[in-house]
Amino acid sequence: MNVDPKVVAAISSAVGLYLQAEQEALTSRGQLSSRPAPPAALNNSYALAGRQAAMNIRWTWQMRLPR
């Protein structure tokens, strides 16, 4: 499979810009309210997806054990 370096650079740039915008949104939200901002891990969609996958795997094992 041939991987075009320009495509890899574009994808990396897009992910970097997304993460930067997400971080800026979190910091601006924390500065506008009187409450402190929640930890970034709670608002990070990648972290939530990973946590969900881990929970699904554990649930699958739990359902197989009683058999």
Side-chain angles (χ1 to χ4, degrees):
M1 182 170 120
N2 295 335
V3 178
D4 187 11
K6 291 181 181 180
V7 173
V8 173
I11 292 171
S12 299
S13 176
V15 170
L17 287 173
Y18 172 78
L19 292 174
Q20 182 181 4
E22 187 178 57
Q23 185 65 32
E24 289 173 359
L26 288 174
T27 57
S28 67
R29 192 175 355 154
Q31 292 172 354
L32 293 177
S33 68
S34 60
R35 297 180 306 174
L42 296 177
N43 294 322
N44 187 346
S45 56
Y46 293 109
L48 290 175
R51 195 171 294 122
Q52 180 73 33
M55 291 171 65
N56 285 341
I57 290 170
R58 184 170 184 228
W59 180 80
T60 302
W61 276 105
Q62 287 177 347
M63 292 297 111
R64 289 182 182 179
L65 288 176
R67 289 184 184 181

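- Remark: I57 pairs with W61 by the side chain to side chain contact (heavy atoms under 4.5 Å, CB included) rule, at least two apart or across chains.
- For the atom pair CH2 (W59) and CZ (R64), the distance works out to 10.0 Å, reported to the nearest 0.5 Å.
- Residues V7 and I11 meet the side-chain proximity criterion, which asks for heavy atoms closer than 4.5 Å.
- Looking only at distances, no side-chain donor or acceptor of S13 sits under 3.5 Å from a matching main-chain atom of A9.
- Scored by the side chain to side chain contact (heavy atoms under 4.5 Å, CB included) test, Q20 finds L17, E24 as partners (sequence neighbours excluded).
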